[in-house]
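Heads up: the structure comes next, in structure tokens.
To find a chain, count down the sequence lines: A is the first, B the second, and so on, and within it residues start at 1.
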2 protein chains.
Amino acid sequence: MNIQPLFDYIRNHVTLTSEEETFLASKVSYRKYLKGQFVVQQGDVCKYESFVISGCTKTYYVDTEGQEHIVMFSVEEWWTADLGSFITQTPADYNIQCIENTELIMISSDDIEELYIKIPKLERFFRRVIERALAASQKRIIRSFSMSAKDRFLYFREKYPQIEQRIPQYMIASYLGITKEFLSKIKSQIILEQ
Amino acid sequence: MNIQPLFDYIRNHVTLTSEEETFLASKVSYRKYLKGQFVVQQGDVCKYESFVISGCTKTYYVDTEGQEHIVMFSVEEWWTADLGSFITQTPADYNIQCIENTELIMISSDDIEELYIKIPKLERFFRRVIERALAASQKRIIRSFSMSAKDRFLYFREKYPQIEQRIPQYMIASYLGITKEFLSKIKSQIILEQ
DNA sequence: AGTAAATGTTAGTCTAGATTAACTTTATTT
DNA sequence: AAATAAAGTTAATCTAGACTAACATTTACT
């Protein structure tokens, strides 16, 4: 049970009093998952917003043809949840699965509302986190329409070099919205170029 | 100068005291734009978050090949801004242009921070607005990868029937990430089917 | 070390959607 | 009402990326 990384992360952005820290600590829970386990399954209600202490998760959607589409990866110091399900407490559209052994700090929807009320600084901080995530999400939509698969891959590699290393290529292909075969082709093409 | 619709909109979600309403009124400004005018231009800093009273705007990105990609339309009771530019006060990636004569209520970044501090209920409300927008944006990414152009169009038509009516088809094509010629083909195909 | 499972590659064929270009229809302006 | 511009259509050709399938390599398990 190591929740220190969450405090370090929050301290980088807001200053909490020691009472506030104690209150925060009382509202979070720690949990370990093994590689392959699910944090959320499509159809369940996403009860928690989770902060990744160590490990990595993938959030994906299974379409009507049974195909997996990865929405995001979450590594250390990132948040993960099916946000739509979490905020409305209705069944999730996405699966969140650990692709490594993963340690999470989890906050329930009721507890996070309490935290927001008691510690407005935290609500401000989370609002900003979400604003940034929304701006990033809009840019990703633009990239999906205006860039070729190859350029999207080069962008991904440039932006998340660490993540590229630790994740199987076929998952990166899914995240980029292409097949693993085509990503393989793109990579050999890139190698030929240099 | 008619800011009443903003109050009506906010009243549907949070209850403000009359002092709070007065303070809010002192922090917003009203502005009329003609069809074709720009609220924000790529490269400028997006100074305001705008609430649409009447009319319609398109938010679009011009890529390196000079092609327009529409990110969103904003009609009555919607907010519009280049969020990335607004929150960091750095140059905008997007253009926001009025495609009808448009009335906006605009709030500057400093003023909205003041509002959040003085009226925490408003911060809570906006956090929720943004959370919902982020969940919707993630779903749009999934749709762009898992649905055909035709299905994306049918989804758009189903979800925003009013918007489909008032916007030229070539802009809808741009929003859907396809050419106007292909949307035309899709529409004639749909007509043949029924 | 040897086998099975997971991951990645290569190549051929196919298709959704882009591009080009000529044409039609609908709005706007004078 | 004519002229012009804006929006939408049709059809032919082209291409990025999907799909299929066989094969190669790496990783994990006994």
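If you take NE2 of B/H69 and C1' of C/dG17, they are 14 Å apart, rounded to a whole angstrom. Atom CG of B/L183 is separated from atom P of C/dT19 by 15 Å (rounded to the nearest Å). Rounding to whole angstrom units, CD of residue A/Q67 and C1' of D/dT20 are separated by 13 Å. Straight-line distance from the NZ atom of A/K180 to the P atom of D/dC23: 16 Å, rounded to whole Å. In this entry the distance linking NZ of A/K185 with P of C/dT13 reads 13 Å, nearest Å. When rounded to the nearest whole Å, the span between CZ of A/F182 and P of C/dT10 equals 14 Å. Put simply, CD on A/Q189 is 9 Å from P on D/dA16, counting in whole angstrom units. One interatomic measurement links the two molecules: CD1 of B/I186 to P of D/dA11, which rounds to 16 Å at whole-angstrom precision.
Nearest-nucleotide positions on DNA chain C for B/G177 and B/K35 put B/G177 closer to the 5' end.
Closest approach to the A/S148 side chain among C/dT10, D/dT9, D/dG17 is made by D/dG17 (side chain taken as heavy atoms from C-beta onward). The A/E181 side chain lies nearest to C/dT10 when the options are C/dT10, D/dT10, C/dG17.
When every heavy atom of B/A149 is checked against every heavy atom of B/F182, the shortest pair comes out as CB-CE2, 3.7 Å. Considering all non-hydrogen atoms of both residues, A/H69 and A/Q67 come closest at CD2-O, 3.4 Å. The minimum heavy-atom distance linking A/I107 with A/W79 is given by the pair CD1-CH2, 4.2 Å.
Proximity of residues 162-173 of chain A to DNA chain D (heavy atom under 4.0 angstrom from any strand atom) is not detected for any residue.
In the displayed structure, B/K150 atom NZ is contacted under 6.0 Å by more than 12 heavy atoms of other residues, nucleotides or ligands.
Among pairs with a residue in residues 5-20 of chain A, those fulfilling salt bridge (Lys or Arg N to Asp or Glu O under 4.0 Å) read A/D8-A/R11, A/R11-A/E21, A/E20-A/K121, at least two apart in sequence or across chains.
Ring centroid separation for the pair A/F125 and A/H13 comes in under the 6.0 Å cut-off.
OP1 or OP2 of D/dA18 lies within a sub-4.0 Å distance of a side-chain N or O belonging to A/T179.
Relative ring orientation between A/Y175 and A/F156 is described as tilted, the plane-to-plane angle lying within the 30° to 60° band.
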